[in-house]
Student: 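Quick one: the structure is below, and I'll ask about it shortly.
Counting convention: from 1, in listed order, for ligands and their atoms alike. Atoms considered below: every heavy atom in the structure, side chains included; atoms not considered: hydrogens, waters and symmetry mates. This is a predicted model, so every value here is computed, not measured.
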Amino acid sequence: GGFVALGALMLAVLMASVFGGGALLMRDARRQRQDALQKTSFVSNVSHELKTPLTSIRMYAELLQEKRVDDPARAEKFLGIIVSESKRLSRLVGNVLDFSRLEQGRKRYSPEHVLLHEVVHEVVESMKEALVAYGLDVVFEAEDPELEAVVDRDALSQVLVNLLDNAGKYAAAGLKAVVRIVRGADGSPEIHVMDRGPGISPEKAKRIFEKFYRADDGTTAATSGCGLGLGIARLLMRGMGGDVRHESRTGGGSCFVVTLPGKGRG
Ligand code: ADP
């Protein structure tokens, strides 16, 4: 009797491992297929993203080179487009380069004491013009202008640029975005980037920080992007001992909460 029972048990263990292994292999295959699909759409998104600004830079530069623009005001406007499109291109290339560095763990940080008010103000000012072009006004509020953190200044700026760029792309209908520096529940400083756009449903919110992920809906159909902005923002913040998370906002819209390492002074 005992022998039969032992045999049955071993058979059960064998069957369980065969089925379990099979299921794991299938899951792995599905994941690989999904990864491959995401990579293909990433490459086509990036190529498209590179091509659009390059085309307009070239067109306006050629018009100016051929001296076909007599009106100085128009020439000035074209130069402005060339500059802002080049900036867009640098942002994109910077993001892609940074992403590979971050993924391979090769990103180096230069932490220093920074006055958060100063960094946020600088980023908001540098983005203002681009956001107004999307139809979005930005308001900057600092609860405590003396709050400090030990972070890499450029990395923090990049995180804020990515969040504001998204507010412009997806939430301009809300007309106004608010950037606020506050003291979090545990006393450490936080930066909130809030909008009154369409918000992000809980199912989508689970995935927005994944690489190459773009919500498959009306918001992304009309906008450019390659699904790296939030992934980079989170990797950068985690690399510095902080984080970025998404919260729904009462009254509609999104709130991205950037948490900073350590206790704030002041
Ligand atoms: P990208 O903007 O290149 O698509 P991101 O990683 O920056 O990539 O964002 C991922 C997705 O999260 C976006 O495609 C968009 O669907 C959604 N998203 C990001 N920010 C917002 C926002 N402020 N409001 C609504 N949806 C957003």
Student: Mind checking whether D195 has an N or O less than 3.5 Å away from an N or O of ligand 1?
Tutor: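 Yes, at least one N or O pair falls under 3.5 Å.
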Student: Between R245 and E247, is the closest basic N to carboxylate O distance under 4.0 Å?
Tutor: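 So E247 pairs with R245 through a salt bridge.
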Student: Determine whether any heavy atom of G197 lies closer than 4.0 Å to an atom of ligand 1.
Tutor: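 No, that is not the case, since the closest heavy atom of the residue is not under 4.0 Å from the ligand.
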Student: With a distance cut-off below 6.0 Å to the six-membered ring centre and an angular limit of 45° from the axis, does K107 pair with Y109 as a cation-pi contact?
Tutor: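 Here K107 passes the 6.0 Å and 45° test against Y109.
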Student: Short list, please: which atoms of ligand 1 are under 4.0 Å from a heavy atom of A215?
Tutor: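 Within the 4.0 Å cut-off of A215, ligand 1 contributes 14 (O), 16 (O).
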Student: Quick one: look at F209 and ligand 1, take heavy-atom pairs under 4.0 Å, and tell me if it's side chain, backbone, both or neither.
Tutor: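 Within the 4.0 Å criterion, F209 makes no contact with ligand 1.
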Student: State which residues pass ring-ring contact (aromatic ring centres under 6.0 Å, His included) with F78; sequence neighbours excluded, sorted by chain then number.
Tutor: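 Counting only residues at least two positions away or on another chain, F78 forms a ring-ring contact (aromatic ring centres under 6.0 Å, His included) with Y60.
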Student: Regarding R31 and D28, does a basic nitrogen lie under 4.0 Å from an acidic carboxylate oxygen?
Tutor: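 Judged by the 4.0 Å cut-off on N to carboxylate O distance, R31 and D28 do not form a salt bridge.
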Student: Are any of the N or O atoms of L230 closer than 3.5 Å to those of ligand 1?
Tutor: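 There is such a contact, yes.
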Student: Find all atoms of ligand 1 within a distance of less than 4.0 Å from any non-hydrogen atom belonging to K169, and give their numbers and elements.
Tutor: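 Those qualifying, in numeric order: 1 (P), 2 (O), 3 (O).
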Student: Apply the test side-chain contact (heavy atoms from CB on, under 4.5 Å) to residues I191 and F256: give CA-CA distance (whole Å), side-chain angles for both, the deciding distance (0.1 Å), then the verdict.
Tutor: CA-CA 8 Å; I191 303 170; F256 284 90; over 6 Å; no
Student: What are the atoms of ligand 1, with element, lying closer than 4.0 Å to any heavy atom of L228?
Tutor: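 What qualifies from ligand 1 is 6 (O), 8 (O).
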Student: Does an N or O anywhere in P198 fall below 3.5 Å from an N or O of ligand 1?
Tutor: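 There is no such contact.
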Student: One pair to check against salt bridge (charged side-chain N to carboxylate O under 4.0 Å, His left out): K211 and E103. What are the steps and the verdict?
Tutor: CA-CA 10 Å; K211 63 178 169 182; E103 270 217 311; 3.1 Å; yes
Student: Do T259 and E190 have side-chain N/O donor and acceptor atoms under 3.5 Å apart?
Tutor: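 T259 vs E190: no donor-acceptor pair found between side chains.
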Student: Can you check which of I208, V46, I200 brings a heavy atom nearest to atom 27 (C) of ligand 1?
Tutor: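 Selected option, by shortest heavy-atom distance: I200.
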Student: C226 versus ligand 1: do any nitrogen or oxygen atoms come within less than 3.5 Å of each other?
Tutor: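 Min N/O separation from ligand 1 is below 3.5 Å for C226.
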